[in-house]
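Data block below; observations after.
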Amino acid sequence: MPEPLPLSPWRESLYQYLATLALVLGAWYLGWRWTASLNQHALWFSVPVVVAESCAYLAWALFAYNLWRTAARPSRSAPHWISECVSELAAPHRPLAVDVCVVTCDEEAALVRQSLECAKRLVYPYRIEIRLHLYDAGHRPAMKQLADSLEVAYLVPEEQDGLGTHNLRRIVEETRGDFIVFCDADTRMFPSFLEHTLGYFRDPAVAWVQTPQWYDDVPQGIPLGDVLGHRFGPTGRAVAKVCEAVAGPVWIGRDPYGSDPALFFDVIQRRRDRADAACSCGAGAVYRSDALAEAVDLVRVRRVGKAVGRFAKGIRDQECRADFVESVTRQAAADAGVAPYHLRESEHFYASMVLHGCRGRRWRSVLHPRAESRMSSPQTPREAVVRRFRRTLGLMEIALRDNPVFSRGLSLPQRLLYVQTLWSSFGCLWHSVFLLAPIVFLYTGIAPVAAYSPQFFIHLLPFLLTAELAMMTGTWGVSCFRHRAASLALLPVDLHALWAVMRGRRFPMVAQSKRARDLSRLAEFRIAATALTLGGMFFAVARFAFGSHPDPSGLLVNGLWGLYNVVLLSGTVSLSARNVSVESPSAQEVQA
């Protein structure tokens, strides 16, 4: 099991210096791009490129803020009684009660059984009441038999109404413990899970604790020093040491599907913890039951309140109107039983924003730095694509349809960090421009800038170099290359998710057919993008050789740009490397 990244004050200070310098240089570059470098003869091309650059800079600036500082959360001893976890003086002096919920849809029974058996082996230093639940979103008789054989409670969704399966709402309603642990079908908890996580709830304001997701089946690869040393001897090892002194440890052949969550949990989530903005990811999360119940009520009130507010506009007295809206809303929400977590694909992320934004209670969250369970990484291209599609679609739907980021209750740092996550989900828009821009230039000679002059390089190169050094320092030992490669290689998946959200498609509508329309064919996309880029490079070089290419500087810039795109497209052991044609996920895959 990997150890958490060690804290280093000097490295953090170096990162803050480099990030600040990169932010300034990036703003300087963009200011110059907008005011002095647009190609006035091809604004149809120049403006989209500079807009994409501006969007990417904003994404980078938000990410740089995310990585700004790490705040270590000291662990606390496991509580003996529930009275140690609440602020009420009259709290009962009794053992803790915990509900452990394993959620499944279409996973194999053997995998679900293994997760349930691991949950049955949980230990705790004091007396505790643990109740196991199997939540079967697929309504499968085999799961009912499995639950009966292991003597665990069996839960199924009550409805399929076009808004999702409401996992959180259903589980909150059917459990009665002090805490709820959520697990996926492949989450195999360590016996010490509860002992190492429940201590954080000694703080009555802590609403949930998220543990890192660790895939124990991801290939770890070979150290760079061993690879270069085997091929080039001592010289190769010396080069590897220099590279790792700058970039941290480098492993060759590690994580072929780009599924290792270390960047997200060990870097991104851990840095968000300083602002109480570590979001819940579902699997491996422990919730305080009262916090989830309060969020249920708040979201019901929020959704019904929008409708009631429209009817109350005729009341002129502002105070009377506010009292009317509040009273009617609460009663209507209670009577209607509105389902709060209707964004199924990212309901835990949505719940995080709701809880952080509770104005009555300043709920806090904790990112426990050590893995307390093991999970299975995507084993097939289809599984990797389904996970990517679900995550992107859920975040986009929250951002466009029900975004609580700008509602009252969140602090400014929390708003910025949530915006960072939601904004990054739309990266497919500017990544598409960055993929097409060098291709357009190589074939047509039309540049997105007025000229590839010395001023262009003076403005661009310092920013790119400083930004790259800042990221290498801020993500020490955890490479961003896989993330960048996946963003480009899975571009059709993200674009399809955006198209689905814009069209307002709901999964039950898609599920009526045996197979939804093709999501993408990643093999064809990679081959086409690579062929177009390399073909454009050969075409432009041939024009230059025959003296018909007027801009050698532009050829160099766009050639290197296109080559970088090709490297990214080939850097992910491709979701198409096995010539697997990836279609859109089936109904069961989407509902998982």
Side-chain angles (χ1 to χ4, degrees), residues 99-122 130-175 180-189 213 215 217 281-285 339 341-348 373-391 393-394 506-516 519 583-592:
D99 292 295
V100 179
C101 299
V102 177
V103 180
T104 180
C105 179
D106 63 347
E107 292 82 6
E108 295 182 0
L111 182 64
V112 180
R113 174 182 288 274
Q114 192 176 32
S115 297
L116 289 171
E117 289 176 345
C118 288
K120 293 175 76 73
R121 290 195 288 268
L122 289 171
I130 302 176
R131 291 184 291 268
L132 300 184
H133 305 265
L134 177 60
Y135 184 91
D136 178 22
H139 292 266
R140 293 180 292 166
M143 291 297 103
K144 179 66 166 65
Q145 296 174 4
L146 176 61
D148 293 340
S149 66
L150 294 178
E151 298 181 343
V152 303
Y154 180 71
L155 301 176
V156 293
E158 285 184 334
E159 53 192 333
Q160 297 282 350
D161 62 354
L163 294 177
T165 52
H166 314 308
N167 293 351
L168 285 180
R169 177 183 65 83
R170 176 77 167 132
I171 291 172
V172 168
E173 291 174 349
E174 294 296 327
T175 56
I180 304 176
V181 180
F182 283 88
C183 302
D184 283 347
D186 62 343
T187 305
R188 288 148 288 172
M189 294 186 291
Q213 295 177 2
Y215 298 151
D217 57 352
C281 303
Y341 301 113
H342 55 288
L343 300 162
R344 173 174 55 197
E345 303 307 322
S346 296
E347 62 179 354
H348 288 275
S373 62
R374 55 194 179 98
M375 302 177 66
S376 299
S377 64
Q379 300 298 306
T380 64
R382 175 178 297 282
E383 187 178 352
V385 168
V386 168
R387 292 193 185 189
R388 175 79 177 202
F389 182 79
R390 289 171 53 201
R391 175 188 175 276
L393 180 101
R506 295 296 183 185
F507 283 117
M509 296 169 59
V510 177
Q512 291 174 0
S513 62
K514 292 182 179 179
R515 185 72 65 181
L519 179 63
E583 302 169 345
S584 75
S586 64
Q588 286 184 328
E589 287 169 326
V590 168
Q591 292 172 3

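Only this structure's heavy atoms are used, side chains among them; waters, hydrogens and symmetry mates stay out.
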Check [X] against [Y] and note the closest heavy-atom contact, atom names and distance.
X    : Y    : answer
L116 : L132 : O-CD1, 4.1 Å
A185 : V102 : CA-CG1, 4.1 Å
R391 : S346 : O-OG, 4.0 Å
A283 : Q213 : O-NE2, 3.2 Å
R140 : C105 : NE-O, 3.0 Å

With sequence neighbours excluded, residues passing salt bridge (charged side-chain N to carboxylate O under 4.0 Å, His left out) with [X]:
X    : answer
K144 : D148
E117 : R113
D99  : R131

key: D186 side chain near E107 side chain, heavy-atom distance below 4.5 Å   =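 When only atoms from C-beta onward are counted, E107 and D186 do not touch, as no gap falls below 4.5 Å.
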
Qualifying residues under side-chain contact (heavy atoms from CB on, under 4.5 Å), relative to [X], sequence neighbours excluded:
X    : answer
S373 : T187, M189
V103 : Y135, N167, I171
Q145 : none

Test side chain to side chain donor-acceptor pair (under 3.5 Å) applied to [X] - qualifying residues, sequence neighbours left out:
X    : value
Q114 : none
R121 : none
D136 : Y154

remark   = One should read off an interatomic distance between M143 CE and T104 OG1, to the nearest 0.5 angstrom, of 5.5 Å

message = As an exercise, state the distance from CZ of R387 to OG of S377, rounded to the nearest 0.5 Å.
response = 7.0 Å

request  = Might you confirm whether atom CD of E174 has over 12 heavy atoms from other residues, nucleotides or ligands at distances under 6.0 Å?
outcome  = yes

Single hit among V152, T175, V181, L134 for side-chain contact (heavy atoms from CB on, under 4.5 Å) with C101 =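 One option only clears the test, and that one is T175.
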
